[in-house]
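Since this is a predicted model, take the numbers as computed values, not measurements. The figures that follow rest on heavy atoms only: side chains count, while hydrogens, waters and symmetry mates do not.
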Amino acid sequence: MSRQDQADHLARVIEELVREHGRTYAEDAGIRLKDAPQPLYQLLLMALLLSARIRASIALAAVRALHEAGLRDPRRMAEADWQERVDALGRGGYRRYDERTATQLGEGARLLTERWGGDLRRMRKEADGDVPALRGLLQEIPGIGPAGADIFLREVQRVWPEVAPHLDAKALAGAERLGLPKDPGKLVELAGNTEPAVLAAALVRAALDKKVAQEVPARAG
């Protein structure tokens, strides 16, 4: 296979992957992402819940349950009592870590309110375009570790362009499974006009699901 044929094949693999699995986790959680305090906070909650050792479908259901319970911003989350947070997580099926997570949600909401006025855009401003600095600031939020910070950055690059392209270790593991290069720049080039956030989410799905990693290259030919 010539170098051009190889590049064409890899581009087809990405095209097929994105066609089948190109939706962000924020979309699955019902978050209408924009650069505004409430949806950004919802995204932070999603990152925290997804970073636990629990099925993504349960974490996303818990995000929706918190929203339905009215816990949509840091002020309301901080004002809610611990049991109210536990009950909302339970309605979403998030029971294995519900008590610890309910505590983290309250502590994180208070920190976010006190330090950044409840607005993650102020955290972005503090980082001043430095993505590693932003990643570090995110991890000051209780419950947000390296994995949670990467989840947030993968998704927020859709509205914070200085973060893009953010293809973290999990996304690159998906690329490796698919036989794609593990170089973020090459992946973005092969993906053409595909948004980096969409590409990252699709690659993560390949990392998490062997069936995706097996079927996509076969369909790409």
Side-chain angles (χ1 to χ4, degrees), residues 23-29 31-52 59 63 66-67 71-79 101 104-175 181-204 207:
R23 61 190 182 282
T24 66
Y25 283 89
E27 288 171 331
D28 281 353
I31 300 170
R32 295 182 179 179
L33 187 58
K34 57 183 177 179
D35 188 23
Q38 191 173 111
L40 289 171
Y41 180 64
Q42 292 294 304
L43 189 65
L44 184 73
L45 295 182
M46 186 193 79
L48 188 156
L49 297 174
L50 274 174
S51 63
V63 175
L66 289 168
H67 185 85
L71 307 180
R72 303 170 186 174
D73 58 67
R75 180 192 60 78
R76 181 68 184 86
M77 184 69 77
E79 289 175 351
T101 302
Q104 291 172 335
L105 291 176
E107 293 173 348
R110 286 188 286 274
L111 175 62
L112 187 56
T113 299
E114 292 167 5
R115 182 165 173 183
W116 293 289
D119 188 347
L120 283 159
R121 294 176 302 178
R122 295 187 181 183
M123 180 188 288
R124 178 193 187 188
K125 185 176 181 180
E126 182 176 332
D128 194 26
D130 185 332
V131 177
L134 178 58
R135 191 172 185 270
L137 290 171
L138 287 165
Q139 290 178 71
E140 295 186 24
I141 302 292
I144 299 289
D150 278 329
I151 292 167
F152 182 87
L153 292 171
R154 283 200 314 254
E155 299 274 328
V156 83
Q157 65 184 320
R158 200 166 206 179
V159 293
W160 289 359
E162 73 275 14
V163 175
H166 189 81
L167 301 179
D168 64 339
K170 183 66 73 175
L172 296 179
K182 291 184 67 178
D183 178 88
K186 290 181 180 177
L187 288 167
V188 169
E189 183 180 350
L190 287 166
N193 293 326
T194 300
E195 290 181 64
V198 172
L199 173 63
L203 289 170
V204 168

Could you tell me which non-hydrogen atom of [X] sits nearest to which non-hydrogen atom of [Y], and how far apart they are?
X      : Y      : value
Leu40  : Lys34  : CG-O, 3.8 Å
Gly148 : Ala47  : O-CB, 3.3 Å
Leu50  : Ala59  : CD2-CB, 3.7 Å
Ala109 : Ala78  : CB-N, 3.8 Å
Ala29  : Met46  : CB-SD, 4.1 Å
Ala175 : Pro181 : CB-O, 3.6 Å

Listed by chain and number, what are the salt bridge (Lys or Arg N to Asp or Glu O under 4.0 Å) partners of Lys125, not counting sequence neighbours?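 With neighbours one apart ignored, the set is empty.
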Sequence-distant partners of Asp28, salt bridge (Lys or Arg N to Asp or Glu O under 4.0 Å), two or more places apart: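 Once residues adjacent in sequence are excluded, the partners of Asp28 under the salt bridge (Lys or Arg N to Asp or Glu O under 4.0 Å) criterion are Arg23, Arg205.
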Tell me the salt bridge (charged side-chain N to carboxylate O under 4.0 Å, His left out) pairs involving residues 136-153, sequence neighbours left out?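 Listed by first then second residue: Arg115-Glu140, Arg135-Asp150.
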Salt bridge (charged side-chain N to carboxylate O under 4.0 Å, His left out) contacts in which one or both residues fall within residues 184-201, not counting sequence neighbours: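 Those involving residues 184-201 are Arg158-Glu195.
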Please list, chain by chain and in numerical order, all residues satisfying ring-ring contact (aromatic ring centres under 6.0 Å, His included) with Trp116, sequence neighbours excluded.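 Partners of Trp116 by the ring-ring contact (aromatic ring centres under 6.0 Å, His included) criterion come out as none, since no residue qualifies.
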Would you confirm whether [X], through its side chain, and [Y], through its main-chain N or O, come within 3.5 Å as a donor-acceptor pair?
X      : Y      : value
Arg72  : His67  : yes
Glu155 : Ala26  : yes
Gln157 : His166 : yes

Hey, is Lys170 close enough to Asp168 for a salt bridge, meaning N to O under 4.0 Å? no
Sidechain N-carboxylate O distance under 4.0 Å for Glu79, Arg75: yes
Give, for atom [atom1] of [X] and atom [atom2] of [Y], the distance between the pair rounded to the nearest 0.5 Å.
X      : Y      : atom1 : atom2 : result
Leu49  : Leu44  : CG    : CG    : 9.5 Å
Asp73  : Asp119 : CG    : CG    : 11.0 Å
Trp160 : Leu134 : CH2   : CG    : 5.5 Å
Glu27  : Thr24  : CD    : OG1   : 3.5 Å
Tyr41  : Thr113 : OH    : OG1   : 7.5 Å
Ile141 : Leu120 : CD1   : CG    : 7.0 Å

Please evaluate residues Ile144 and Phe152 with respect to the criterion side-chain contact (heavy atoms from CB on, under 4.5 Å), reporting the C-alpha separation (whole Å), side-chain torsions for both, the decisive distance (0.1 Å), and the verdict. CA-CA 9 Å; Ile144 299 289; Phe152 182 87; over 6 Å; no
Go through it in stages, so that I can follow the logic: the residues are Leu203 and Leu172, the test is side-chain contact (heavy atoms from CB on, under 4.5 Å), and I'd like the CA-CA distance, side-chain angles, deciding distance and then a yes or no. CA-CA 7 Å; Leu203 289 170; Leu172 296 179; 5.8 Å; no
With side-chain contact (heavy atoms from CB on, under 4.5 Å) as the test, would you mind laying out the steps for Leu71 and Leu45 before giving the verdict? CA-CA 10 Å; Leu71 307 180; Leu45 295 182; 6.0 Å; no
Residue pair Gln139 / Pro146, side-chain heavy-atom distance below 4.5 Å: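 They are in contact (side-chain heavy atoms under 4.5 Å apart), so the answer is yes.
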Glu162: what forms a side chain to side chain donor-acceptor pair (under 3.5 Å) with it, not counting sequence neighbours?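 Scan of Glu162 (side chain to side chain donor-acceptor pair (under 3.5 Å), adjacent residues dropped) gives Arg124.
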